[in-house]
Amino acid sequence: MLDILVLAAGKGTRMRSDLPKVLHPVGGKALVQHVVDTARQVGSERIFIIIGHGAEKVEEKMAAPDVRFILQARQLGTGHAVQQALPQLRDDATVLILYGDVPLTRAETLQKLIAHVNDQQMGLLTVNLPDPTGYGRILRDAGGAVTAIVEHKDATDEQRQVKEINTGIMAVKAKHLQQWLPQLTNNNAQGEYYLTDIIALARQNGVAIQVEQPNAIEEVEGINNRQQQAALERFYQKQKANELMVAGATLLDPARFDCRGTITVGRDVVIDINCVFEGDVVLGDGVTIEPNCVIINSRIGNNTHIKANSHIEDAAIAGDCDVGPFARLRPGTQLAQGAKIGNFVEIKKAVIGEGSKVNHLSYIGDTTIGKKANIGAGTITCNYDGVNKFKTEIGDNAFIGSNSALVAPVKVGANATIGAGSIITKDVADEELAIARGKQRNIQGWERPKKKS
Ligand code: UD1
Ligand code: CA
């Protein structure tokens with residue numbers, strides 16, 4: 001039985017931000033969301049977030065059936081923060097204490113920590129730092145057993161030589177917290193109730209402190225300023241890039257790759273530099289993404305080629321398509337097999353049929369296009385009258401001449417042809433040719449106006 005506490009009441013002054021610190025992102029996801037997601041992975045059906053500064057914003061963002069909020073109105077220290085949760089903890093639960101600003105701890109590390117917890121033992125996550133300045137130091141007896149944590153500000157010069165520091169993350173029986181937390185005092189350099197003082201109490205009460213260490217320091221690093229945020233962002237992106245390469249994707253430069261969500265790749269995917277992926281993105285076998293693309297919540301089918309500088313959001317793209325360069329596929333775009341979307345084309349809420357082409361400078365919105373249609377350069381679907389949106393339908397094998405305006409609602413039939421420069425306001429039947437433009441007049445002997453001398 002596991003209760004998880006996430007401390008997130010602190011102010012985060014050094015972010016110099018109106019947004020509560022724990023809502024700042026790493027990998028496109030709020031710090032505290034990372035922590036809650038990991039807590040779920042560890043397997044707790046009860047997650048408590050201790051909130052204080054920016055409480056309403058954190059509560060609004062993090063509301064979920066398995067999350068409860070506990071207000072710590074004044075931040076009197078980490079021990080005081082955990083005290084606020086005492087009435088809610090189940091007596092025989094194991095309690096895992098996490099921090100809302102430490103986003104990248106792995107579930108496996110926490111699982112190892114929890115495994116130590118019983119009536120005679122608790123778990124403490126520590127790490128050795130070349131420069132431990134500022135952190136709580138782990139004190140051990142001659143036999144190597146942990147006896148206490150001393151905060152940097154309270155430590156003697158000798159204690160400050162210790163490189164092993166407290167990450168803050170620990171796991172302990174609820175009944176032990178119930179026993180020890182009421183004994184804390186704030187009689188220390190910072191005038192705070194230190195959670196870390198329970199380590200000495202554990203020792204005095206014959207509860208052994210079992211130490212675990214993370215695989216990487218970044219797992220236990222907290223974020224207090226924008227530099228630390230940027231550093232963890234890079235670490236996170238490097239991990240994401242590695243996962244994709246292990247899955248068989250080629251990243252032309254893993255240092256210029258950003259995933260703010262999840263990507264699933266097939267075999268032999270190639271991703272060039274400076275692409276940003278958000279939400280859920282699925283790339284099929286043999287997909288190529290050229291430089292500077294943004295791809296959000298989209299699926300891209302086998303062997304489709306996305307050329308440079310394309311922006312794709314909430315789109316479903318089948319296999320063997322060509323998109324870009326400089327294409328914008330907005331929400332609701334569906335490209336069927338082998339469709340081609342060229343430069344400076346915007347598509348919104350439209351189905352482009354198999355093998356159809358919209359190659360240059362067009363806007364296609366609220367439209368269905370059949371198979372093998374050709375949409376000429378500069379074609380615009382006029383789908384909006386300022387209030388309402390209307391649909392355009394274009395049949396199989398239709399040919400829309402360049403610079404045409406299709407004023408919706410309107411239908412263009414299969415095999416129909418639209419003369420270039422037409423403004424189409426009425427339906428065009430199958431096989432018909434429609435031309436709707438001013439007739440050309442040629443005037444002979446026309447004299448241009450001349451400047452008066
Ligand atoms: C704490 C530890 C220190 C450890 C360090 C690791 C204590 C006394 N010290 O120090 O041993 O090396 O973390 O980073 O625990 N918080 C609350 N309510 C409070 C105070 C803090 O929710 O009243 C939250 C903060 O939002 C933050 C976390 O607890 O997420 C840590 O608080 P912070 O003040 O940063 O502790 P440190 O002094 O860094
Ligand atoms: Ca801190």
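Numbering of residues begins at 1 and proceeds along the displayed sequence. Counting starts at 1 for both ligands and their atoms, in listed order. Quantities reported herein were computed from a predicted structural model and do not represent experimental measurements.
- Looking at heavy atoms from C-beta onward, L195 lies out of side-chain contact with Y193 at the 4.5 angstrom threshold.
- Counting the atoms of ligand 1 from 1 in the order shown, those under 4.0 Å from a heavy atom of L7 are 22 (O), 24 (C), 29 (O), 30 (O).
- The environment of K11 atom NZ is sparse: at most 12 non-hydrogen atoms of other residues, nucleotides or ligands sit within 6.0 angstrom.
- At a threshold of 4.5 Å between non-hydrogen side-chain atoms, the residues V26 and H34 count as touching.
- The distance criterion of under 3.5 Å between nitrogen or oxygen atoms is not met by G168 with respect to ligand 1.
- For ligand 1, the polar-atom distance check against T196 finds no nitrogen or oxygen pair separated by under 3.5 Å.
- Each of the following atoms of ligand 1 lies closer than 4.0 Å to a heavy atom of T78: 7 (C), 8 (C), 15 (O), 20 (C), 21 (C), 29 (O), 31 (C), 32 (O).
- In terms of N/O distances under 3.5 Å, ligand 1 is approached by A9.
- Considering backbone and side-chain N/O atoms, R74 never comes within less than 3.5 Å of an N/O atom of ligand 1.
- Aromatic pair H311/F326: centroids not less than 6.0 angstrom apart.
- The number of heavy atoms from other shown groups lying within 6.0 Å of NZ (K238) does not exceed 12.
- Around the CG atom of D18, the shell of radius 6.0 Å holds no more than 12 heavy atoms that belong to other residues, nucleotides or ligands.
- Set against the non-hydrogen atoms of D101, the atoms of ligand 1 under 4.0 Å away are 27 (C), 30 (O).
- Not a single heavy atom of I165 lies less than 4.0 angstrom from ligand 1.
- Considering only heavy atoms from C-beta on, D101 comes within 4.5 Å of N224 through its side chain.
- Atoms of ligand 1 lying under 4.0 Å from at least one heavy atom of Y194, given by number and element, are 8 (C).
- Each of the atoms 28 (C), 29 (O), 30 (O), 31 (C) of ligand 1 lies under 4.0 Å from some heavy atom of Y99.
- Atom NZ of K371 is surrounded by 12 or fewer heavy atoms from other residues, nucleotides or ligands within 6.0 Å.
- Contact annotation: for V22 versus ligand 1, there are no heavy atoms closer than 4.0 Å.
- Of all the heavy atoms of Q190, none lies under 4.0 Å from any atom of ligand 1, so neither backbone nor side chain is involved.
- Ligand 1 places these atoms under 4.0 Å from at least one heavy atom of E151: 2 (C), 3 (C), 7 (C), 8 (C), 9 (N), 10 (O), 11 (O).
- Residue contacts with ligand 1, taken as heavy atom pairs separated by less than 4.0 Å, do not involve V102 at all.
- The pair D3-R90 meets the salt-bridge criterion, since a charged nitrogen lies less than 4.0 angstrom from a carboxylate oxygen.
- Residue I50 places no heavy atom under 4.0 Å from ligand 1.
- When the options P132, G77, A81 are ranked by their closest heavy atom to atom 20 (C) of ligand 1, first place goes to G77.
- Crowding of K173 atom NZ: a count of heavy atoms from other residues, nucleotides or ligands under 6.0 Å exceeding 12.
- Atoms of ligand 1 found under 4.0 Å from any heavy atom of G136, numbered from 1 in the order shown, are 3 (C), 4 (C), 11 (O), 12 (O).
- Applying the 4.0 Å criterion to heavy atoms of A8 picks out, from ligand 1, the atoms 22 (O).
- Counting non-hydrogen atoms of other residues, nucleotides and ligands closer than 6.0 Å to CG of D141 gives a total above 12.
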